[in-house]
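Here, residue 1 is the first one in the sequence, and each next residue gets the next number.
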Amino acid sequence: MKLIPHKKDPAVTRWLRAEDKEQKLRYKEISHRMNVVDAPARARRYAAFLERIQTRGFSVTFDQMRAIAPEELPREPRRKHRVVF
């Protein structure tokens with residue numbers, strides 16, 4: 001497949017490069033916040049949720065709750081959390 005060659009104004013090229021640089025910096029800041037700053041709070045929320053579904057149970061239907069056994073709990077992934085935007 002051949003692409004149509006488009007000519008860009010040099011100002012547009014500079015703007016695109018600046019925008020790309022800004023977005024990469026923004027991604028890096030968000031990723032750092034997710035994986036370093038907010039990680040302890042997220043771990044506490046995960047632990048509280050997993051404890052709650054083992055004791056109180058998880059809603060199966062309108063009024064039925066089912067307790068989740070420890071062997072049914074998902075394992076936490078070893079990878080970092082990804083930023084999607």
Side-chain angles (χ1 to χ4, degrees):
M1 179 173 166
K2 292 189 175 190
L3 298 176
I4 301 170
H6 294 284
K7 294 186 182 196
K8 291 183 209 160
D9 190 53
V12 171
T13 304
R14 284 192 305 274
W15 178 83
L16 284 171
R17 286 189 183 139
E19 191 69 22
D20 183 49
K21 187 177 177 182
E22 181 184 321
Q23 286 188 14
K24 286 180 181 177
L25 179 64
R26 190 178 318 133
Y27 176 88
K28 189 175 178 181
E29 289 171 356
I30 294 170
S31 180
H32 172 75
R33 175 146 184 126
M34 283 178 64
N35 292 307
V36 178
V37 177
D38 293 341
R42 182 176 43 256
R44 285 192 303 272
R45 287 192 305 267
Y46 285 174
F49 170 75
L50 294 175
E51 189 266 329
R52 189 167 51 247
I53 64 172
Q54 291 179 68
T55 55
R56 268 187 45 200
F58 189 76
S59 179
V60 177
T61 60
F62 173 68
D63 60 348
Q64 293 180 343
M65 300 287 274
R66 175 183 173 278
I68 306 297
E71 56 271 2
E72 292 181 271
L73 293 177
R75 304 243 185 271
E76 187 172 351
R78 291 184 298 205
R79 64 172 169 73
K80 292 182 178 181
H81 289 271
R82 284 180 252 154
V83 180
V84 179
F85 67 99

Task: Donor-acceptor under 3.5 Å (Ser31 side chain, Tyr27 main chain) - done: no
TODO: Measure from the side-chain N and O atoms of Glu72 to the backbone N and O of Ala69, and report whether any donor-acceptor pair falls under 3.5 Å.
DONE: yes
Task: Other residues, nucleotides, ligands: >12 heavy atoms within 6.0 Å of Arg42 CZ - done: yes
- [ ] Any chance you could lay out the side chain to side chain contact (heavy atoms under 4.5 Å, CB included) test for Val37 and His32, step after step, and finish with the verdict?
- [x] CA-CA 7 Å; Val37 177; His32 172 75; 4.1 Å; yes
Open item on the list: According to a hydrophobic-cluster definition based on side-chain heavy atoms being under 4.5 Å apart (Ile, Leu, Val, Met, Phe, Trp, Tyr only), do Val36 and Ile30 belong together?
Closed with: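 Different hydrophobic clusters.
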Task: Closest heavy-atom pair and its distance - Gln54, Pro70 - done: OE1-CG, 3.6 Å
TODO: Run the salt-bridge test on Arg33 and Glu29 with the 4.0 Å N-O cut-off and return the result as yes or no.
DONE: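 So Arg33 does not pair with Glu29 through a salt bridge.
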To the nearest 0.5 Å, how far apart are [atom1] in [X] and [atom2] in [Y]?
X	Y	atom1	atom2	answer
Arg14	Glu19	CZ	CD	15.0 Å
Glu76	Tyr46	CD	OH	7.0 Å
Thr55	Glu51	OG1	CD	4.5 Å

TODO: Applying side chain to side chain contact (heavy atoms under 4.5 Å, CB included), run through Ile68 and Arg66 and close with a yes or a no.
DONE: CA-CA 6 Å; Ile68 306 297; Arg66 175 183 173 278; 3.0 Å; yes
- [ ] Before giving the answer on side chain to side chain contact (heavy atoms under 4.5 Å, CB included), spell out for Ile53 and Leu73 the whole-Å C-alpha distance, their side-chain angles and the decisive distance to 0.1 Å.
- [x] CA-CA 9 Å; Ile53 64 172; Leu73 293 177; 3.9 Å; yes
Open item on the list: Assess the residue pair Ile4 and His6 against the criterion (side chain to side chain contact (heavy atoms under 4.5 Å, CB included)); give the C-alpha distance rounded to whole Å, side-chain angles, the decisive distance to 0.1 Å, and a yes or no.
Closed with: CA-CA 6 Å; Ile4 301 170; His6 294 284; 4.1 Å; yes
